[in-house]
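In this text, all values refer to a predicted model and were calculated from it rather than measured experimentally.
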Amino acid sequence: MSLSVPIHGNYHGYYLKRPSVVDPRLALLPANTFAGKRVLDIGCNEGRVTCEIAQAWGAHKVVGVDIDDTLIRAAWKRRQLVWSLQKPQSLQSDGDDDSMEVDNSSLIRSEPIEVNHLQSDYFPAALQHSFGLLPIPPSRIRGKHVFPHNVSFRTADWTTEEIVEDADGYDVIVGFSISKWIHIHGGDDGLRAFFRRVYSVLKPGGIFILEPQEWYTYKKAKRLHESLRNTARTLELRPSDFEAILEGIGFSSVSHIGITGEGGFRRTVDLYVKQHT
């Protein structure tokens with residue numbers, strides 16, 4: 001069910017306010033951040049960041065989770081749209097005859113297709129209105145760890161609900177623009193619990209990427225619903241305290257990798273590493 005009032009930060013049309021082809025927050029990260037990794041994108045909204053990580057950053061598996069089922073359904077459509085705009089790719093032989101199986105109608109490859117010079121906006125977006133979206137081929141043809149088969153979406157309140165992918169752990173967890181909403185709903189204890197949950201499902205050496213919202217932006221959130229105002233009155237923690245909390249849980253000292261965005265979206269992007277246990 002859709003949540004009509006975005007009290008969880010689940011804004012519909014959110015990326016109309018933050019338009020970009022390549023997300024500037026991801027552009028701050030080292031090039032190998034997601035390569036070959038299992039990734040969780042918390043509060044994925046309509047899946048733009050999730051799909052970009054899966055398509056352009058070489059991720060092994062990416063899961064986007066959001067509390068709003070309408071946004072998750074939009075994310076699945078986004079996945080097909082991104083696939084439809086991508087430049088067609090050809091199969092490339094590695095010389096191993098056993099890696100291919102040929103029948104009268106198709107060439108099937110058991111290994112992932114190599115992507116050379118990926119062009120994600122090859123087809124004009126207007127074509128979808130005339131011809132519709134392209135069908136996604138079976139994973140046996142492209143490989144299950146190649147876009148779009150390496151990305152999926154779940155509807156859940158991840159702060160309190162487990163999803164099946166949690167069992168295998170993650171190498172990277174992305175938390176863009178979510179800390180305020182978790183804080184203002186769950187209070188100080190709820191935010192600490194969220195940080196501990198992130199730590200618990202990250203593999204040793206895993207990365208937590210956080211875009212904390214500034215304290216002054218909490219005022220706008222409080223205007224959305226009376227329940228948020230009531231919780232906000234109890235908050236003692238401030239975003240400036242997050243670093244100490246995360247280090248106390250077992251993360252490394254923070255790496256401030258950069259600042260990006262305009263106006264109220266101008267924020268720092270922070271990177272923490274789970275210490276080996």
Identify whether [X] and [Y] are in the same connected component of the hydrophobic contact network (ILVMFWY, side-chain heavy atoms under 4.5 Å).
| X | Y | result |
| --- | --- | --- |
| Ile207 | Val174 | yes |
| Ile259 | Tyr272 | no |
| Leu71 | Ile7 | no |

Looking at Tyr218 versus His183, is the centre-to-centre ring distance below 6.0 Å?
yes
Would a line drawn from the ring center of Phe195 to the ring center of Phe251 be shorter than 6.0 Å?
no
Determine whether [X] and [Y] make a side-chain contact, defined as any pair of heavy atoms from C-beta on separated by less than 4.5 Å.
| X | Y | value |
| --- | --- | --- |
| Phe265 | Thr260 | no |
| Asp68 | His12 | yes |
| Thr33 | Ile209 | yes |
| Lys37 | Tyr170 | no |
| Val49 | Leu26 | yes |
| Trp158 | Ile163 | yes |
| Ser152 | Trp76 | yes |
| Ile245 | Arg196 | no |

With rounding to the nearest 0.5 Å, note down the distance linking [atom1] in [X] to [atom2] in [Y].
| X | Y | atom1 | atom2 | answer |
| --- | --- | --- | --- | --- |
| Asp23 | Ile53 | CG | CD1 | 8.5 Å |
| Glu247 | Ser252 | CD | OG | 7.5 Å |
| Leu202 | Arg197 | CG | CZ | 11.0 Å |
| Ile178 | Asn10 | CD1 | CG | 13.0 Å |
| Ile67 | Ile182 | CD1 | CD1 | 9.5 Å |
| Lys77 | Gln80 | NZ | CD | 10.0 Å |

Is the closest basic N to carboxylate O distance between [X] and [Y] below 4.0 Å?
| X | Y | answer |
| --- | --- | --- |
| Arg154 | Glu165 | yes |
| Asp171 | Lys61 | no |
| Glu211 | Arg25 | yes |
| Asp189 | Arg192 | yes |

Closest non-hydrogen atom pair between [X] and [Y], with its separation:
| X | Y | answer |
| --- | --- | --- |
| Leu271 | Val273 | CD2-CG2, 3.8 Å |
| Val65 | Ala156 | CG2-O, 3.7 Å |
| Gly258 | Leu28 | C-CD1, 3.8 Å |
| Arg79 | Val151 | NE-O, 3.5 Å |
| Thr50 | Cys44 | OG1-CB, 3.4 Å |
| Leu210 | Pro212 | O-CD, 3.3 Å |

With distance as the sole test, does [X] use its side chain to make a donor-acceptor pair with the main-chain N or O of [Y] at under 3.5 Å?
| X | Y | value |
| --- | --- | --- |
| Thr231 | Leu228 | no |
| Glu161 | Asp157 | yes |
| Arg48 | Arg78 | no |
| Gln213 | Ser179 | yes |
| His60 | Arg38 | no |
| Asn45 | Gly47 | no |

Is the positively charged end of Lys274 above the ring of Tyr199, judged by distance under 6.0 angstrom from the centroid and angle within 45° of the axis?
yes
Using only heavy-atom distances, determine whether the side chains of [X] and [Y] contain a donor-acceptor pair under 3.5 Å.
| X | Y | answer |
| --- | --- | --- |
| Asp270 | His256 | yes |
| Asn230 | Arg233 | yes |
| Asp66 | His8 | no |
| Thr155 | Arg73 | no |
| Asn32 | Trp57 | no |

